[in-house]
Each structure stands twice: as C-alpha cells, then as structure tokens.
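These notes are about the structure you will find just below.
Letters A, B, ... mirror the listed sequences (proteins, then strands); counts begin at 1. The structure displayed is predicted, hence computed values, not measured ones.
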Protein chains: 2
Amino acid sequence: MQVTRAVDYGIRALMLMSGQPVGTRHFLQDLAQQGDLPRNYLVKVLKSLACVGIVRSHRGIKGGFSLGRVPSEITLRQVVEAIDGPVHVMHCIADARSCNLAGRCAPEVFFRELRAVILRSLENSTLQDLLDMQRRIDNGTACETCAEHDLVRKA
Amino acid sequence: MQVTRAVDYGIRALMLMSGQPVGTRHFLQDLAQQGDLPRNYLVKVLKSLACVGIVRSHRGIKGGFSLGRVPSEITLRQVVEAIDGPVHVMHCIADARSCNLAGRCAPEVFFRELRAVILRSLENSTLQDLLDMQRRIDNGTACETCAEHDLVRKA
DNA sequence: TGGACAACGGATAAGAAACTCTTATAATCT
DNA sequence: AGATTATAAGAGTTTCTTATCCGTTGTCCA
C-alpha cells in the first residue's frame with residue numbers, strides 16, 4: 001500500500017522546476033544535484049512524465065527538461081499515474097479476469113470505492129498547492145497540522 | 001499503490017468463517033477449497049491473523065481455525081495491518097530517517113493526510129458490513145452503486 | 001562540417017517482495 | 001499407538017523496485 005520512490009523523486013523534481021517560469025530549461029544534472037536524487041534513475045522518471053506531457057524534454061546542448069504546463073494544472077493523480085501506472089488498490093480491480101466473481105463480490109465493491117476516495121484526494125491537489133504549502137512551511141507561517149487541514153479541506 | 005493478494009485471501013477466508021457462529025472450527029483444507037484459495041499460502045495468511053487474535057488456531061485432529069471475535073468487531077484496517085503491516089503510503093512516512101526534511105516537506109504532509117483518509121475508510125468497515133453487502137448482492141436486492149454508497153456513507 | 005553536450009534506449013543487476021511448494025515437527029483426538 | 005491437523009522452516013520461482021552503465025541519437029554552436 002505504498003507509492004514507489006520514483007513518484008517521490010518525480011514530485012521533488014517537479015517542485016524544483018516549478019520554482020521558475022514554465023518555459024525554463026532544467027538539466028537533469030542540476031535537478032539531481034539540487035534535489036539529492038539519483039541522476040540515472042531520475043531520467044527514467046522524467047521520461048515517464050514527458051510521455052504524458054507533464055514535462056517536455058529537449059535534446060542536444062542547451063537541452064534539458066521544462067514543465068509542460070503551469071503547476072496549478074498538474075494534479076498529483078496525473079503524476080502518480082504517469083509514473084506508477086493506474087491506481088488499483090486491489091488486483092481484481094486491475095484485472096477483472098483474475099476473479100470469477102467480478103462485480104458480484106463485496107470486497108471488490110469496497111476496494112473500488114476506496115480507490116475512488118484516494119483518486120479524489122490525488123486529483124484535488126496540484127503541484128501549485130504543494131508549492132504554496134512548502135513556502136508556508138519554510139516561512140514558519142504554518143504549523144504542520146494547519147497545513148494538513150488545508151489540504152484536507154479540498155478533498 | 002495496491003494491497004497484496006494475501007489481504008484478498010485473508011478477507012475471503014474470514015468471510016467464509018463469518019458465515020457460521022464465532023466458535024465454529026474451519027479446516028484450512030475446506031477454506032481453501034470453498035474459497036478457491038492457494039492452501040499453502042493461505043496458511044501463512046491465517047497465521048498472521050492468529051498473531052493478532054483475529055482468528056484462533058487449534059492443533060491436532062478436530063483442530064482448525066475459528067474466529068477470534070464477532071465479525072462486527074473486525075475492521076478491515078485490523079485485517080490489512082495484520083497481513084500487510086502498517087499502511088504507509090510513502091516510504092518517508094514508514095521511515096523518517098530516509099528523508100532529511102522529515103516534517104518540513106510538503107509532499108510528506110500531503111501523503112500523511114492521504115494515509116489518514118485511507119485508514120479512516122478501512123476502520124469504518126467491518127467484516128459484518130461486507131457480509132451484509134454480500135448478502136444483498138446475492139439476493140439481487142442491491143445494485144452495485146447502492147452498495148457502494150452504503151459503504152461510503154460511513155466513511 | 002564537426003565537436004561537444006544532453007537526453008534516449010537498452011542491457012544488466014542487486015535486492016526485496018510476492019507467491020508456491022516441500023518437508024519435518026508438534027499437538028491432539030480416538 | 002496411530003491418524004489427523006496445525007506449525008515451522010526453508011528452498012525455489014517469479015516479478016517489481018531501484019538503480020547503474022554505456023553506446024546512440026539529436027541538437028546547438030563555433
């Protein structure tokens with residue numbers, strides 16, 4: 001019941017990029033260094049994000065990565081699904097054939113609903129929300145619980 | 001972002017056992033057969049459930065497994081945590097040392113809250129709730145969406 | 001046109017987790 | 001004592017995670 005490290009890396013890299021205007025180029029090298037992320041692994045994560053347009057990649061000298069759109073239009077659901085694939089919560093939701101009771105089974109119904117709850121949470125938070133919260137944390141203008149409540153309010 | 005198959009097996013076995021009074025003995029063999037579950041794997045799952053008292057194991061002839069308490073007092077959180085261990089959602093919540101920003105990092109705050117949402121859902125559903133829903137599904141007295149709403153209401 | 005730089009793609013691999021099966025042991029009943 | 005059942009330990013297989021490395025390709029610039 002855990003999101004992979006790759007998602008963690010992806011979010012951190014995106015937050016670093018979000019610090020500057022959308023078109024700005026960021027080199028893999030710099031992102032890895034600033035965020036303390038494994039360079040050779042991060043490139044695969046960014047590739048996944050590029051596939052769905054969350055970031056854009058540019059080859060050649062003066063290449064690098066840039067955000068594909070403004071942070072307020074990048075939801076955590078998009079990030080998680082781009083990197084980890086669809087959120088399923090339970091295997092029978094991922095693959096209906098793995099269960100011969102498909103749709104007529106109470107546990108499945110429950111986990112399907114749990115999935116919906118999780119997706120709503122992930123959809124209601126954008127990169128911009130995380131940025132804003134981080135800024136408040138850094139300023140010391142938000143206690144941790146206030147910050148939490150702030151995120152919940154929307155979900 | 002998935003619960004393991006072991007949890008699925010555990011829930012199914014528990015539902016089979018819940019069909020009869022609490023003290024009733026159930027043989028591993030029968031549970032595996034009735035639920036179409038892998039016998040040799042199920043034994044490990046039941047072992048985990050026995051460790052926390054959700055089921056009781058009895059050795060020797062006429063042994064078998066029995067429920068440790070009534071289904072209405074077994075929450076899905078208890079089952080999931082007994083089998084899969086604590087729900088963490090993100091590695092830095094599992095192990096604070098894995099992140100040098102512990103507590104001062106917006107993503108962590110978000111995932112900590114997501115975890116709370118998931119735990120609430122898992123806590124608010126008991127084995128008895130699943131049983132009731134299954135009965136309604138079998139009777140055809142509940143459409144799938146009604147059943148879903150029924151579970152959500154509590155969460 | 002050629003060299004330097006940066007992402008791309010594929011191969012590889014250690015490690016953990018998930019899953020299955022086997023074998024031997026201990027407890028209990030008849 | 002003998003049959004039956006859970007318990008314990010372990011090996012083995014597969015898959016996923018988390019990387020690392022290297023040759024290739026595309027792009028810019030001098």
Side-chain angles (χ1 to χ4, degrees), chain A residues 1-13 17 24-33 35-51 53-68 80 83-88 90-92 94-95 98, chain B residues 1-10 12-13 17 24-33 35-51 54-68 80 83-92 94-95 98-99:
Chain A
M1 202 55 168
Q2 233 180 263
V3 134
T4 63
R5 246 160 235 266
V7 167
D8 188 27
Y9 297 158
I11 291 176
R12 284 178 207 285
M17 296 171 74
T24 314
R25 300 288 176 90
H26 303 262
F27 296 133
L28 186 59
Q29 187 61 47
D30 300 340
L31 291 173
Q33 208 158 6
D36 191 26
L37 311 169
R39 182 188 183 287
N40 294 304
Y41 190 48
L42 183 60
V43 66
K44 314 246 179 230
V45 174
L46 288 176
K47 177 68 186 1
S48 301
L49 293 174
C51 279
I54 292 176
V55 303
R56 259 199 275 275
S57 67
H58 312 272
R59 308 181 73 156
I61 195 171
K62 302 270 181 184
F65 294 91
S66 61
L67 282 183
V80 169
I83 297 174
D84 272 2
V87 172
H88 284 311
M90 178 147 266
H91 65 97
C92 57
D95 178 16
S98 71
Chain B
M1 199 57 171
Q2 231 178 267
V3 134
T4 63
R5 246 159 234 267
V7 167
D8 188 27
Y9 298 159
R12 283 176 209 286
M17 295 170 75
T24 315
R25 301 288 176 90
H26 302 263
F27 296 133
L28 186 60
Q29 188 62 46
D30 299 341
L31 291 173
Q33 206 158 5
D36 191 24
L37 309 169
R39 183 186 183 288
N40 295 304
Y41 192 48
L42 183 59
V43 68
K44 296 193 196 279
V45 174
L46 288 175
K47 172 77 181 1
S48 302
L49 292 174
C51 279
I54 291 175
V55 303
R56 259 200 275 273
S57 66
H58 312 271
R59 306 177 77 151
I61 195 169
K62 301 267 183 187
F65 294 90
S66 62
L67 281 184
V80 169
I83 298 174
D84 272 0
V87 172
H88 283 312
V89 183
M90 179 148 265
H91 65 99
C92 56
D95 178 17
S98 71
C99 176

Separation of [N] [atom2] from [X] [atom1] (nearest whole Å):
X       : N      : atom1 : atom2 : value
B:Leu46 : D:dT7  : CG    : P     : 9 Å
B:Gln33 : D:dT5  : CD    : P     : 13 Å
A:Asp8  : D:dA19 : CG    : P     : 10 Å
A:Asn40 : D:dT17 : CG    : C1'   : 16 Å
A:Tyr41 : D:dC16 : OH    : P     : 13 Å
A:Leu42 : D:dT20 : CG    : P     : 11 Å

State whether [X] places a side-chain N or O below 4.0 Å from either non-bridging phosphate oxygen (OP1 or OP2) of [N].
X       : N      : result
A:Arg5  : D:dT18 : yes
A:Lys62 : D:dC29 : no
A:Tyr9  : D:dT18 : no

Please compare A:Gly63 and A:Lys44 by the position of their nearest nucleotide in DNA chain C and report the one closer to 5'. A:Gly63

Would you indicate what A:Leu28 reaches in the nucleic acid, counting non-hydrogen atoms under 4.0 angstrom: base, sugar-phosphate, or nothing?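 Here A:Leu28 touches the backbone only, sparing every base.
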
Over all strands shown, is A:Lys47 touching base, sugar-phosphate only, or nothing at heavy-atom distances under 4.0 angstrom? sugar-phosphate

Contact summary for [X] and [Y], nearest pair of heavy atoms:
X       : Y       : answer
A:Arg25 : A:Lys62 : NH1-O, 3.0 Å
A:Ala13 : A:Leu42 : CB-CD1, 4.1 Å
B:His88 : B:Ala94 : CD2-CB, 3.2 Å
A:Met90 : B:Thr4  : CE-O, 4.4 Å

Anything under 4.0 Å to a heavy atom of chain A counts; send over the first and last such nucleotide of DNA chain C, read 5' to 3'. C:dC5 to C:dA11

Drop me the distance from [X]'s [atom1] to [Y]'s [atom2], to the nearest 0.5 angstrom.
X       : Y       : atom1 : atom2 : value
A:Ile61 : A:Phe27 : CD1   : CZ    : 8.0 Å
B:Leu31 : B:Asp36 : CG    : CG    : 12.5 Å
B:Met17 : B:Leu49 : CE    : CG    : 8.5 Å

Could one point to a donor on the side chain of B:Arg59 or the base of D:dT5 with an acceptor on the other under 3.5 Å away?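 Flag unset: no donor-acceptor pair detected.
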
Return whichever of B:Ile61 or B:Phe65 has its heavy-atom-nearest nucleotide of DNA chain D closer to the 5' end.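 That would be B:Ile61.
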
